[in-house]
A.B. asks: 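Next up is a structure, given as structure tokens.
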Amino acid sequence: MSDSIKYLMDETHIPKHWYNLVADLPSPPPPVLHPGTLKPVGPGDLAPLFPMSLIMQEVSTEREIEIPGPVRDVYRQWRPTPLYRARRLEQALQTPARIYYKYEGVSPAGSHKPNTAVAQTFYNKEAGVRKITTETGAGQWGSSLAFAGALFGIDVQVFMVRVSYNQKPYRRVFMETFGARCIPSPSMETNYGRTVLARTPDSPGSLGMAISEAVEVAATHEDTNYALGSVLNHVLLHQTVIGLEALAQMEMANDYPDIVVGCTGGGSNFSGIAFPFIGRQLRGGPAVKVIAVEPAACPSLTRGHYAYDFGDTGRMTPLAKMHTLGSGFVPPGFHAGGLRYHGMAPLVSHVKQLGIIEARAPKQIPCFDAGVLFARAEGILPAPEANHAVKGAIDEAIRCKADGVSKAILFNLCGHGHFDMQAYQDYIAGKLVDQDYDESELAMALAGLPTVPDQA
Ligand SMILES: Cc1ncc(COP(=O)(O)O)c(C=O)c1O
């Protein structure tokens, strides 16, 4: 084993293919249903929103899907991303565990999100689309799409969840610098936004609401498509560059993870780091314990129902079987805005249901405690979302110490927190509160789950 801190690869080692976990699963995920007919959707049903190339990736069962040359070319701006051995964190924890993290914060937007923003924008450009609408929570996804839109010459309109818009004004400026428009959601720009505001004028917004607004604009304009920053199979697929690179870098370190950890909002960065390792295990390779870490205040994987539900609050999207808190659930306005989603990627939900992964749901303050401990040891200030993965990894390292075993723990440090200073300021001032979800609101949202005929 080497004593390196960083495992770096040159541009020639950017993967040539994305990895599709569906090819290796013991059973396929349940079909996505049309909201009107409740029958499985066909490619044509999705065509008003997405280019056909992405729709075909959404339903693909091929193990490998080639990364187009122009997308790899843009990836060269920041990929391969570094893999670090967290030696100073190990020291601080006095743990025998070997902790590794893949750092996606070196991308132009500061997180993993450009991995799919660039790919989605490329395919839309190829299909002749003029404008893309989207939602954003943390602002990382909107920033990524704004960057990709500037590269490929596509207009970008971003509905940013209002509470995050207020917490992070500089994210809006970032998007505008790249030529995008950023609107706080719910807004007066759409029928759906106006309906919400009439009912709840001070609504903090949610990812589910912002998705409804963006979908409405795309569905009602011929030249406009919609892009989603997480949840869908093709988004998870694009993120597998993270885990594919990590596989090669763990080999450089002459090590292999016993445990893989990622935070989960919609499930894309978690899938990105974990799916290539899960796939190797399913093909007879080494076993890995895979842990998804979500916020206690929005606990879809640990407290939600595994049921068919809408991807948005306005009930415009197809129905997917997933772990959900109900599409009407509005999470409290905690600082990890990217994790405030009522549902979970159907593919992540499916592997959870198959018992291939575990999930945890720590509270906000212990996650910030972990993030600050990490920052003081390693010198990188994580995004509040990423703090959940840091917390998951630290907990495992402490367990190793208690058990006197040395395990290799790999986690995805999916983004930096340089736009999240309000969150850290509140933490330092002791103003952060550990919000729980509202039990009665959750019960109401779950009671509103759509009734769907058995798909077996
Ligand atoms: C830094 C960061 N991490 C995680 C997430 C959650 O998304 P996902 O679960 O799709 O990775 C977001 C979403 O905005 C984010 O910005």
Side-chain angles (χ1 to χ4, degrees), residues 81 101-117 120 134-147 158-161 163-165 167-168 171 174-175 205-208 210-211 227-243 261-275 292-295 298-301 311 322-323 331 334-349 352 357 359 367 371 380-392 411-420 423:
T81 59
Y101 57 97
K102 182 79 167 148
Y103 186 39
E104 289 295 304
V106 296
S107 84
S111 74
H112 61 296
K113 297 284 182 183
N115 296 332
T116 183
Q120 292 192 50
T134 197
E135 75 295 327
T136 196
Q140 288 272 12
W141 166 243
S143 300
S144 304
L145 201 67
F147 153 67
V158 182
F159 290 92
M160 184 166 185
V161 176
V163 61
S164 299
Y165 184 90
Q167 285 165 346
K168 293 191 241 188
R171 272 287 170 198
F174 187 102
M175 292 178 231
S206 70
L207 278 167
I211 292 171
L228 187 59
S230 187
V231 179
L232 298 176
N233 294 350
H234 67 264
V235 182
L236 276 44
L237 174 82
H238 301 155
Q239 293 296 354
T240 59
V241 287
I242 303 171
V261 184
C263 72
T264 44
S268 75
N269 89 86
F270 167 79
S271 305
I273 190 93
F275 281 6
V293 190
E294 62 182 7
C298 191
S300 55
L301 270 176
M322 59 181 174
H323 287 88
F334 56 89
H335 274 291
L339 308 185
R340 291 180 68 246
Y341 184 58
H342 68 271
M344 183 48 61
L347 208 42
V348 173
S349 295
K352 168 80 169 37
I357 65 165
C367 290
I380 299 174
L381 190 80
E385 292 80 8
N387 281 344
H388 291 72
V390 176
K391 165 79 177 145
F411 74 92
N412 195 26
L413 189 66
C414 54
H416 67 62
H418 297 176
F419 287 87
D420 300 276

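Just follow the structure's listing: the first ligand is 1, and inside any ligand the first atom is 1.
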A.B. asks: Between the main-chain N or O of L301 and the side-chain N or O of E294, is there a donor-acceptor pair closer than 3.5 Å?
C.D. replies: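 Indeed, once roles are kept as given, a pair shorter than 3.5 Å links the two residues.
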A.B. asks: Using 30° and 60° as the class limits, which term best fits the ring planes of Y101 and Y103: parallel, tilted or perpendicular?
C.D. replies: perpendicular
A.B. asks: Taking atom types as modelled, is there a side-chain donor on S300 or H323 under 3.5 Å from an acceptor on the other?
C.D. replies: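 Absent: no donor and acceptor within the cut-off.
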A.B. asks: Give a yes or no answer on whether the side chain of Q120 reaches the backbone of L228 with a donor-acceptor pair at less than 3.5 Å.
C.D. replies: yes
A.B. asks: Show the distances, to 0.1 Å, for all pairs joining an N/O atom of ligand 1 and a protein N/O atom that are shorter than 3.5 Å, listing one pair per line.
C.D. replies:
{"unit_1": "ligand 1", "atom_1": "7 (O)", "unit_2": "K113", "atom_2": "NZ", "d": "3.2"}
{"unit_1": "ligand 1", "atom_1": "9 (O)", "unit_2": "G265", "atom_2": "N", "d": "2.7"}
{"unit_1": "ligand 1", "atom_1": "9 (O)", "unit_2": "G266", "atom_2": "N", "d": "3.0"}
{"unit_1": "ligand 1", "atom_1": "9 (O)", "unit_2": "G267", "atom_2": "N", "d": "2.8"}
{"unit_1": "ligand 1", "atom_1": "9 (O)", "unit_2": "S268", "atom_2": "N", "d": "3.4"}
{"unit_1": "ligand 1", "atom_1": "10 (O)", "unit_2": "K113", "atom_2": "NZ", "d": "3.3"}
{"unit_1": "ligand 1", "atom_1": "10 (O)", "unit_2": "S230", "atom_2": "OG", "d": "2.4"}
{"unit_1": "ligand 1", "atom_1": "10 (O)", "unit_2": "S268", "atom_2": "N", "d": "2.9"}
{"unit_1": "ligand 1", "atom_1": "10 (O)", "unit_2": "S268", "atom_2": "OG", "d": "2.7"}
{"unit_1": "ligand 1", "atom_1": "11 (O)", "unit_2": "H112", "atom_2": "NE2", "d": "2.9"}
{"unit_1": "ligand 1", "atom_1": "11 (O)", "unit_2": "S268", "atom_2": "OG", "d": "3.3"}
{"unit_1": "ligand 1", "atom_1": "11 (O)", "unit_2": "N269", "atom_2": "N", "d": "2.9"}
{"unit_1": "ligand 1", "atom_1": "11 (O)", "unit_2": "N269", "atom_2": "ND2", "d": "2.8"}

A.B. asks: Using distance alone, with no hydrogens and no angle criterion, decide if N269 and E385 have a side-chain donor and acceptor under 3.5 Å apart.
C.D. replies: no
A.B. asks: Using only heavy-atom distances, determine whether the side chains of S206 and R340 contain a donor-acceptor pair under 3.5 Å.
C.D. replies: no
